[in-house]
Amino acid sequence: MIKPTWLLAACLLIAESISANVTLPAFFGSGMVLQRDQPVYIWGWADKGEKVTVQFKSQKQSVKTGSDGKWMVKLKPEQAGGPFVLTVNGKNNITCDNVMMGDVWICSGQSNMEWHVKDASRGAEEIQAANYPQVREFTVKRAVAKEPLDNVAAASWLPATPENVGSFSAVSYFFGRELYKDLQVPIGLIHTSWGGTQVEAWISKKGFLGSETFKDMMSAPLGIDSITGPNGYPACLFNAMIHPLLPYGIKGAIWYQGESNAGRAYQYRQSFPLMITDWRNQWRQGDFPFYFVQLSSFDATHGKGEGNSNNGSSWAELREAQAMTLSLPNTGMAVITDIGERNDIHPRNKQDVGKRLAWNVLKNVYAQPMVAAGPAFKSMDISGNKALISFTDTGSGLVVKDRYGYLKGFEVAGADQHFHYAKAAIVNGKVEVYSDQVTAPVAVRYNWADDAADGNLFNREGLPAAPFRTDKWKGVTDNAVYQLPARK
């Protein structure tokens with residue numbers, strides 16, 4: 001029989017052994033992708049004052065932990081390639097095999113980003129054809145937190161092979177696959193999303209406090225003891241699913257969200273740019289590339305078709321807020337109104353979503369010579385009862401996707417602010433718009449509806465024109481603002 005004193009000593013020895021272990025954040029592990037061509041930060045935890053040595057390729061650095069047990073080393077930039085081995089040695093040893101240097105992208109948003117490859121259009125076919133072991137995804141498990149966390153739940157980096165890819169985010173996979181095909185460098189995808197979430201959950205408290213609109217809201221304690229759901233507390237998803245990733249090196253981020261903010265679309269003009277700026281400030285990598293998906297077409301009134309110019313359309317106003325966010329540097333938007341599904345908020349065609357994001361990135365981030373976006377409104381000129389609309393990003397020319405050549409989706413209004421369906425035609429690289437019911441046009445709108453599937457203006461490269469309006473008349477969401485969750 002073991003004497004109590006010896007039993008206590010044994011327990012203390014075990015506890016000491018456990019506490020002495022050098023540990024890494026969950027997203028450091030075998031199969032991971034590290035960001036090429038920029039400093040590589042490796043960090044973790046160990047005993048106070050413990051010496052930790054990190055070795056990667058020809059680089060070797062040692063550091064002692066601080067009083068809080070945290071340590072970090074900064075390795076010099078490395079070029080794309082692999083596989084390599086990363087070792088971390090302290091009182092125990094950690095080995096990460098099959099490490100690649102490439103480009104790492106954060107993939108975030110709500111359910112349309114979360115949507116799996118297996119559930120996408122031709123999902124079974126895509127799974128069978130997946131043979132991209134240098135495209136790898138790490139999925140951050142769902143979590144909420146009142147305060148910023150240092151780590152995420154345990155998970156693994158998985159290569160895009162038939163065994164794994166079915167559970168990948170479909171948009172992130174098709175985006176990463178397109179980049180890999182063109183660049184031929186390893187692509188790391190850190191997927192961190194949650195269906196049905198509002199943008200306010202993804203903004204940090206520090207970000208809110210730096211905003212004139214939101215700072216008063218976050219200046220006082222919220223008085224909430226527990227969080228119910230991912231939208232139950234401002235910043236709760238940033239705290240749990242973004243903050244732990246800092247300062248892991250990244251190339252940029254892609255984002256697919258907005259459906260849950262459609263009721264507050266006007267305020268999204270502030271909250272969405274705030275989130276992007278906040279992430280950039282937190283990562284301290286400058287204005288890294290941030291590319292996002294504009295909302296697709298969807299009948300949000302479920303068969304009533306009430307979301308339109310004359311009744312008001314919250315989805316159209318959200319798309320406008322997204323387009324306005326392009327005023328931030330190093331941003332881009334994939335327009336997908338042509339591939340939505342009227343009766344399903346989750347379009348199954350995620351292949352084209354990923355491709356259009358990737359084309360934007362390939363052109364604007366990697367300087368590939370290509371047409372990456374569809375026509376966007378530039379200006380309007382009025383002559384008599386006709387409006388002449390000019391566009392940017394016309395590629396090799398404007399075209400109508402209609403077997404009979406009819407251009408659809410345009411509306412025109414006079415000073416009474418009542419919109420009428422308009423006749424439209426391509427004339428010398430511009431679009432001429434008029435209605436017999438409007439003798440003195442004041443405003444033109446295109447694809448301004450929840451279900452914006454009517455529009456059929458494209459460039460010859462097959463990319464759709466973005467919805468727009470020329471007026472600034474009051475919308476249905478102008479007075480809707482974010483409300484703090486009820487105190488509990």
Side-chain angles (χ1 to χ4, degrees), residues 109-115 119 121 194-200 229-231 256-269 271-272 292-325 333-350 352-353 408-413 416-422 424 435 437 443-457 464-483:
Q110 57 180 110
S111 56
N112 272 305
M113 180 62 80
E114 199 173 24
W115 202 256
D119 298 317
S121 176
W194 193 327
T197 53
Q198 301 165 5
V199 73
E200 291 83 5
N231 297 316
Y256 192 165
Q257 187 271 345
E259 297 91 340
S260 292
N261 278 85
R264 290 182 276 106
Y266 189 83
Q267 194 178 53
Y268 201 75
R269 298 180 181 189
S271 55
F272 184 36
F292 52 91
V293 183
Q294 192 180 52
L295 291 191
S296 66
S297 300
F298 175 63
D299 181 8
T301 59
H302 306 292
K304 297 179 181 179
E306 295 175 346
N308 55 42
S309 286
N310 290 318
N311 294 330
S313 168
S314 60
W315 277 53
E317 292 176 22
L318 195 286
R319 294 188 196 103
E320 181 180 53
Q322 290 175 313
M324 294 173 73
T325 302
M333 181 175 74
V335 177
I336 61 164
T337 45
D338 60 314
I339 57 175
E341 297 183 24
R342 176 167 296 170
N343 298 314
D344 195 336
I345 203 169
H346 302 118
R348 297 303 197 271
N349 179 0
K350 294 294 192 280
D352 283 332
V353 179
K408 296 181 288 188
F410 284 90
E411 301 171 280
V412 63
D416 62 357
Q417 300 187 14
H418 184 79
F419 282 87
H420 300 268
Y421 293 122
S435 169
Q437 297 172 286
V444 169
R445 293 182 177 182
Y446 173 72
N447 251 5
W448 195 265
D450 294 353
D451 179 12
D454 283 347
N456 59 358
L457 179 65
F468 69 88
R469 62 171 175 165
T470 64
D471 63 275
K472 295 183 180 179
W473 295 332
K474 185 177 177 64
V476 293
T477 67
D478 284 17
N479 297 323
V481 296
Y482 180 67
Q483 300 290 332

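Rounding to the nearest 0.5 Å gives a distance of 8.5 Å between CG of L295 and CG of N112. Atom CG of residue L318 and atom CZ of residue F272 lie 9.5 Å apart, to the nearest 0.5 angstrom. Note that OG of S297 is 6.5 Å distant from CG of N447, once rounded to the nearest 0.5 Å. Taking NZ from K350 and CE from M113, the interatomic distance works out to 10.0 Å, rounded to the nearest 0.5 Å.
Minimum heavy-atom separation, Y482 to Q198: CE1-OE1, 3.7 Å. Taking each heavy atom of V199 and S271 in turn, the nearest pair found is CG1-OG, 3.5 Å. Smallest separation of non-hydrogen atoms from V412 and A422: CG1-CB, 4.0 Å. Taking all atoms of both residues into account, the shortest heavy-atom contact from T337 to A465 is OG1-O, 4.4 Å. In this structure, H420 and S435 approach most closely via the heavy-atom pair CB-OG, 3.9 Å. Here the closest heavy-atom approach between residue D478 and residue E317 is recorded as OD1-OE1, 4.3 Å.
In this structure, D344 contributes its side chain and P347 its backbone to no donor-acceptor pair below 3.5 Å. A donor-acceptor pair under 3.5 Å is absent between the side-chain atoms of S111 and the main chain of G196, judged by distance alone. Judged purely by atom type and a 3.5 angstrom limit, D338 has no side-chain atom pairing as donor or acceptor with the backbone of P464. D299 contributes no side-chain N or O that, together with a main-chain N or O of N343, makes up a donor-acceptor pair within less than 3.5 Å.
Heavy atoms of other residues, nucleotides or ligands lying less than 6.0 angstrom from CZ of F468 number more than 12.
Side chains of E200 and R264 form a contact here, defined as non-hydrogen atoms less than 4.5 Å apart. Using a 4.5 Å cut-off on side-chain heavy atoms (C-beta onward), Q267 and V481 make contact. Between M333 and V293 there is no side-chain heavy-atom pair separated by less than 4.5 Å.
In this view, A300 and F298, W315, D450 satisfy the side chain to side chain contact (heavy atoms under 4.5 Å, CB included) rule, not counting sequence neighbours. When the side chain to side chain contact (heavy atoms under 4.5 Å, CB included) test is applied to A316, the partners found at least two apart in sequence or on another chain are S313, R319, W448. Residues satisfying the ring-ring contact (aromatic ring centres under 6.0 Å, His included) test with Y256, not counting sequence neighbours, are none. Partners of A466 according to the side chain to side chain contact (heavy atoms under 4.5 Å, CB included) rule, which considers only residues two or more places apart in sequence or in another chain, are V335. For W115, the ring-ring contact (aromatic ring centres under 6.0 Å, His included) partners are H346, not counting sequence neighbours. The salt bridge (charged side-chain N to carboxylate O under 4.0 Å, His left out) test applied to E114 returns R142, not counting sequence neighbours.
R342 has a carboxylate O that lies under 4.0 Å from a charged side-chain N of D451, or vice versa, which qualifies the two as a salt bridge. A salt bridge links D471 with R445; the closest basic N to acidic carboxylate O contact falls under 4.0 Å. We find that E411 and R469 are not joined by a salt bridge, their nearest charged nitrogen and carboxylate oxygen being 4.0 Å or further apart.
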Would you sort out whether E341 and I345 count as a side-chain contact (heavy atoms from CB on, under 4.5 Å), showing the intermediate values?
CA-CA 7 Å; E341 297 183 24; I345 203 169; over 6 Å; no

Begin with the C-alpha distance, continue with both residues' side-chain angles, and end with the deciding distance and a verdict on side-chain contact (heavy atoms from CB on, under 4.5 Å) for R348 and I339.
CA-CA 9 Å; R348 297 303 197 271; I339 57 175; over 6 Å; no

Dump the intermediate steps for side chain to side chain donor-acceptor pair (under 3.5 Å) on Y268 and Q257, then the final yes or no.
CA-CA 11 Å; Y268 201 75; Q257 187 271 345; 2.7 Å; yes

Could you walk me through whether F410 and Y421 pass ring pair (Phe, Tyr, Trp, His ring centres under 6.0 Å), step by step?
CA-CA 6 Å; F410 284 90; Y421 293 122; over 10 Å; no

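Q110 and S260 share a side-chain donor-acceptor pair at under 3.5 Å.
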